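On a predicted model such as this, the values are computed, not experimentally measured, just so you know. For the numbers below, each heavy atom of this structure counts, side chains included, while hydrogens, waters and symmetry mates do not.
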Amino acid sequence: LAVLGRLERQTRAEVARAIVGASVGLYPGRPEDVATPWPTKRAPREVLEDHYAQRAWDTLQAAEQSFREQRGLAMGRER
């Protein structure tokens, strides 16, 4: 995350979208499943002490939100 957080904003956003797309795209279930491997579920933001890692986490969260919105999935609707 710290490496992702050091990238320029636009590049960081593009990489985050690719990470989210690959993580969810490779999952054999549905995006609304509880087990969907959303990248931000792997490491809660509050455990990240590094500023760059936090910045990357925020970018990943924005990419996840965009992914969900584009597909009509609301936050917290996973089953």
Side-chain angles (χ1 to χ4, degrees):
L1 286 172
V3 172
L4 176 60
R6 291 180 188 277
L7 298 175
E8 292 182 28
R9 182 185 306 255
Q10 183 175 347
T11 303
R12 187 170 61 247
E14 291 171 7
V15 172
R17 284 191 299 271
I19 290 170
V20 170
S23 296
V24 177
L26 292 172
Y27 175 64
R30 299 178 338 176
E32 59 272 3
D33 293 345
V34 172
T36 302
W38 298 104
T40 58
K41 285 173 58 177
R42 296 198 171 272
R45 190 182 194 285
E46 40 297 337
V47 303
L48 303 173
E49 296 178 8
D50 181 83
H51 166 73
Y52 293 107
Q54 292 171 353
R55 186 160 71 173
W57 193 97
D58 293 342
T59 305
L60 284 169
Q61 183 182 45
E64 289 176 2
Q65 182 175 348
S66 175
F67 183 96
R68 286 178 162 140
E69 288 172 356
Q70 290 173 357
R71 288 155 183 82
L73 304 170
M75 292 289 291
R77 276 183 43 194
E78 300 97 28
R79 318 179 228 167

Please find the pair of heavy atoms, one from Thr36 and one from Pro31, that lie closest to each other, and give the distance.
OG1-O, 3.0 Å

Just by modelled atom types, is the Ala35 backbone N or O under 3.5 Å from a matching donor or acceptor in the Asp33 side chain?
no

Examine distances only and state if a side-chain atom of Glu64 and a backbone atom of Val20 form a donor-acceptor pair shorter than 3.5 Å.
no

Specify the closest pair of heavy atoms between Ser23 and Pro37, including all atoms of both residues, with the distance to one decimal.
O-CG, 3.3 Å

Starting at CG of Leu60, measure out to CH2 of Trp38 and round the result to the nearest 0.5 Å.
11.5 Å

So which heavy atom on Leu48 is nearest to which on Ala43, and how close?
CD2-CB, 4.5 Å

Flag for Gln65-Gln61: side-chain donor and acceptor within less than 3.5 Å
no

Per the salt bridge (charged side-chain N to carboxylate O under 4.0 Å, His left out) rule, which among Arg12, Arg45, Arg9 passes with Asp58?
Arg45

Pairwise distance CH2(Trp57) to CD(Glu46) - rounded to 0.5 angstrom:
7.5 Å

Taking all non-hydrogen atoms of both residues into account, name the closest pair between Leu7 and Arg55 and its distance.
O-NH2, 4.4 Å

According to a hydrophobic-cluster definition based on side-chain heavy atoms being under 4.5 Å apart (Ile, Leu, Val, Met, Phe, Trp, Tyr only), do Ile19 and Val24 belong together?
yes

Output the distance between atom CD (Glu14) and atom OG1 (Thr59), rounded to the nearest 0.5 Å.
12.0 Å

Run Leu4 and Val15 through side-chain contact (heavy atoms from CB on, under 4.5 Å) and show every step you take.
CA-CA 8 Å; Leu4 176 60; Val15 172; 3.6 Å; yes

